[in-house]
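Hydrogens, waters and symmetry mates are skipped; everything else that's a heavy atom, side chains included, is used. Reminder, nothing fancy here: chain letters follow the sequence lines and each chain counts from 1.
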Protein chains: 2
Amino acid sequence: MTGRQSRHELVAATMRRRIMNGEYAIGTSLPSESALCAEFDVSRGPVRQALATLRNEGLLVLSQGRPATVRSRDVTQTLDTFTPFSQWAARTGRRPGSRTLEVARRRASGAAADALGLTPDDTVVDVLRVRYLDGEPTMFERSTFAETVGELLFRFDTDSGSMTDYLTEQGVRFDSMEHVLDAVAADALDAEHLTIAPGSPLLRERRTSRDALGTPFEYADDRYRPDLVTFSIVNSRTVQPQWRD
Amino acid sequence: MTGRQSRHELVAATMRRRIMNGEYAIGTSLPSESALCAEFDVSRGPVRQALATLRNEGLLVLSQGRPATVRSRDVTQTLDTFTPFSQWAARTGRRPGSRTLEVARRRASGAAADALGLTPDDTVVDVLRVRYLDGEPTMFERSTFAETVGELLFRFDTDSGSMTDYLTEQGVRFDSMEHVLDAVAADALDAEHLTIAPGSPLLRERRTSRDALGTPFEYADDRYRPDLVTFSIVNSRTVQPQWRD
DNA sequence: CAGTGGTCTAGACCACAGT
DNA sequence: CTGTGGTCTAGACCACTGA
């Protein structure tokens with residue numbers, strides 16, 4: 001079971017739970033690294049990696065000479081970690097839902113073809129879904145998959161849960177994802193399925209997923225109701241690249 | 001000015017330059033970690049930390065058993081997201097501009113007071129600016145500073161350049177920033193200064209900046225024209241080497 | 001000042017990649 | 001198989017924090 005979990009993941013998971021429980025309160029200091037090493041019986045490496053993970057999730061503030069302090073216990077949709085819609089919903093204690101409008105095999109075209117590096121000679125699989133949180137329409141998803149991956153979806157009930165989880169089980173490796181965020185006015189289709197007025201502002205995430213070799217195999221255009229979902233990212237300025245000349 | 005540079009920073013800076021130069025072409029493999037250790041005469045720790053940095057910037061794809069491969073040479077794709085406006089503009093080869101509408105000392109209220117943890121008894125400094133790229137109005141910025149920091153701005157020409165750089169010179173430490181992204185319809189003020197129609201979708205970034213102790217001292221509501229600016233983030237599902245930043 | 005985190009070294013073992 | 005990266009250890013030195 002947990003044999004697959006590395007030590008730094010175990011430490012991070014334990015600390016994350018304590019922060020979310022309130023066992024480590026906001027504004028308080030964590031135990032020192034050496035104390036954590038003793039508690040988990042590991043060396044400093046895994047402990048520091050776990051602390052870095054939690055800092056990237058926005059839960060901790062790290063600074064030199066002073067133990068880490070708890071910054072937040074929020075579980076927001078941080079773009080720093082890859083969190084598919086279904087998993088994110090579950091983690092925030094809400095019930096995710098899906099209604100599939102279309103699963104289609106067709107020729108590649110438009111922005112998706114560009115992102116996937118395909119020509120009109122190539123075939124793709126498009127999926128159109130409305131995603132729900134606690135029964136409320138929250139996001140409208142237009143996904144395009146390269147054929148070899150998309151074919152797997154014809155054997156999957158796209159209303160039943162996470163395509164990402166299913167594809168991962170089928171051996172598809174989501175190695176890196178690029179997210180481009182902007183705002184668009186709701187078109188007629190968006191408005192109808194998200195039950196909002198046409199022209200309302202929507203938060204759009206365009207996503208390109210790549211395998212371990214860097215080859216893109218998924219392009220998605222997801223439009224969120226901004227009253228229901230926001231994205232957040234925490235970054236630290238302590239890392240300062242060189243272009244300060 | 002840069003003073004002491006750690007070894008992993010030196011390695012990261014060198015590799016970043018080579019990727020941006022095209023010396024390491026997109027799609028090719030980097031030298032193995034042991035080769036890099038030999039070249040820079042460091043142990044694996046600093047080399048791995050440097051690779052993790054470049055991966056987080058979206059330049060590299062890392063995977064087990066195979067040397068890192070170059071994914072992109074466009075640093076702006078990722079780091080531009082939340083670097084200060086002036087620096088970001090300069091890096092993308094465009095001319096930044098500012099027009100200040102207001103610099104005011106007043107009582108704390110609203111979302112800014114909440115974010116800064118202040119009450120109406122506390123005083124803040126508000127700054128309203130229109131930001132330009134190559135002369136075109138691009139972003140409308142509503143910033144609120146805690147009094148001790150904001151006071152410094154009365155001695156600064158807010159049209160002349162980067163408030164962030166100025167405040168940093170004055171000893172203000174931007175240790176971490178939290179960004180929340182969503183979409184809003186342009187209000188009358190937005191529309192007037194960004195020369196768009198009222199109700200147009202805008203990409204909003206709400207930012208809270210904190211010092212090393214985690215105390216917030218800046219809250220900003222920045223609204224971007226989505227036809228001119230987008231945000232992008234690259235991340236990886238596989239969790240990271242021994243150190244991240 | 002003592003304690004802390006930031007960095008670094010020189011080893012080691014394992015899982016995975018390509019041969 | 002060999003070589004690679006992912007993980008871990010047990011030390012060490014330095015810079016910074018706070019009493």
Side-chain angles (χ1 to χ4, degrees), chain A residues 2-13 15 28-56 60-70 171 173 175-176 211-215 236-240, chain B residues 2-13 15 28-56 60-71 171 173 175-176 211-215 236-245:
Chain A
T2 57
R4 305 183 58 84
Q5 192 177 37
S6 54
R7 295 178 204 252
H8 70 87
E9 286 173 311
L10 173 65
V11 175
M15 303 292 285
T28 61
S29 289
L30 257 52
S32 69
E33 292 182 357
S34 57
L36 294 173
C37 292
E39 176 185 347
F40 292 98
D41 191 29
V42 296
S43 62
R44 277 184 77 195
V47 165
R48 288 182 57 73
Q49 189 169 355
L51 293 177
T53 298
L54 298 180
R55 191 201 69 165
N56 287 345
L60 296 180
V61 174
L62 307 184
S63 42
Q64 187 169 106
R66 185 185 322 126
T69 59
V70 180
R173 288 182 53 176
D175 197 80
S176 81
D211 64 21
L213 293 170
T215 305
S236 164
R237 249 178 106 67
T238 54
V239 180
Q240 200 52 274
Chain B
T2 53
R4 292 168 301 281
Q5 189 178 35
S6 57
R7 298 178 201 248
H8 74 266
E9 286 174 315
L10 173 64
V11 175
M15 305 290 286
T28 62
S29 289
L30 257 52
S32 70
E33 290 182 359
S34 57
L36 294 173
C37 291
E39 177 187 346
F40 292 97
D41 192 29
V42 296
S43 62
R44 277 183 79 195
V47 164
R48 288 182 57 72
Q49 190 166 1
L51 293 176
T53 298
L54 299 181
R55 187 203 68 97
N56 287 346
L60 297 180
V61 175
L62 307 184
S63 42
Q64 187 169 98
R66 184 188 321 129
T69 61
V70 181
R71 196 193 77 78
R173 288 180 54 174
D175 197 79
S176 80
D211 64 20
L213 293 170
T215 305
S236 165
R237 177 174 216 182
T238 54
V239 190
Q240 268 336 317
Q242 192 161 359
W243 286 283
R244 277 211 275 190
D245 37 335

Problem set entry | Residue-phosphate contact under 4.0 Å: A:S43 side-chain N/O, D:dC8 OP1/OP2 | no
For this session: Please determine if a side-chain N or O atom of A:R66 lies less than 4.0 Å away from the OP1 or OP2 oxygen of D:dC16.
Result: no
Seminar exercise, completed: Contacts of A:V42 and B:S34 projected onto DNA chain D by closest heavy atom; the upstream (5') one is B:S34
Exercise. Between B:A68 and A:D41, which has a closest nucleotide on DNA chain D that is more 5'?
Worked result: B:A68
[X] has an atom [atom1]; how far is it from atom [atom2] of [N], in whole Å?
X     : N      : atom1 : atom2 : result
A:L62 : D:dT17 : CG    : C1'   : 15 Å
B:Q49 : C:dG6  : CD    : C1'   : 9 Å
B:L60 : D:dG6  : CG    : P     : 11 Å
A:R55 : C:dG5  : CZ    : P     : 15 Å
B:F40 : C:dC8  : CZ    : C1'   : 16 Å
B:E33 : D:dT7  : CD    : P     : 11 Å
A:L30 : C:dT4  : CG    : P     : 13 Å

With the criterion being N/O to N/O and under 3.5 Å, what pairs connect the protein with nucleotides 12-15 of chain C, and how long is each?
| from | atom 1 | to | atom 2 | distance (Å) |
| --- | --- | --- | --- | --- |
| C:dA12 | N6 | B:R44 | NH1 | 3.1 |

For this session: For DNA chain C, just give me the dot-bracket, please: Watson-Crick or G-U, both distances below 3.5 Å, ( ) intra-strand, [ ] crossing earlier pairs, | paired with another strand, . unpaired.
Result: ||||||||||||||||||.
Exercise. Do you know which two heavy atoms are closest between B:A50 and B:H8, and how far apart they sit?
Worked result: CB-O, 3.5 Å
Quick one: pull up [atom1] in [X] and [atom2] in [Y] and give me the separation to the nearest 0.5 Å.
X     : Y     : atom1 : atom2 : value
B:M15 : B:F40 : CE    : CZ    : 6.0 Å
B:Q49 : B:E9  : CD    : CD    : 8.5 Å
B:R55 : B:S63 : CZ    : OG    : 11.5 Å

For this session: Could you pull out all residues at least two apart from B:Q64 that satisfy side chain to side chain donor-acceptor pair (under 3.5 Å)?
Result: none
Problem set entry | With A:S32 via side chain to side chain donor-acceptor pair (under 3.5 Å) - residues at least two apart | A:S34
Counting only side-chain heavy atoms from C-beta out, which of [options] sits nearest to [X]?
X     : options             : result
A:R7  : C:dT4, D:dC8, C:dT9 : D:dC8
A:R48 : C:dT7, D:dG5, C:dT4 : C:dT7
A:S32 : C:dT4, C:dT9, D:dC8 : C:dT4

Problem set entry | All side-chain contact (heavy atoms from CB on, under 4.5 Å) counterparts of B:T28, not counting sequence neighbours | B:A25, B:V70
Seminar exercise, completed: For B:V47, the side-chain contact (heavy atoms from CB on, under 4.5 Å) test, sequence neighbours excluded, returns B:E33, B:L36, B:C37, B:V42, B:L51
Exercise. With a 4.5 Å limit on heavy-atom distance, are the side chains of A:L60 and A:L30 in contact?
Worked result: yes
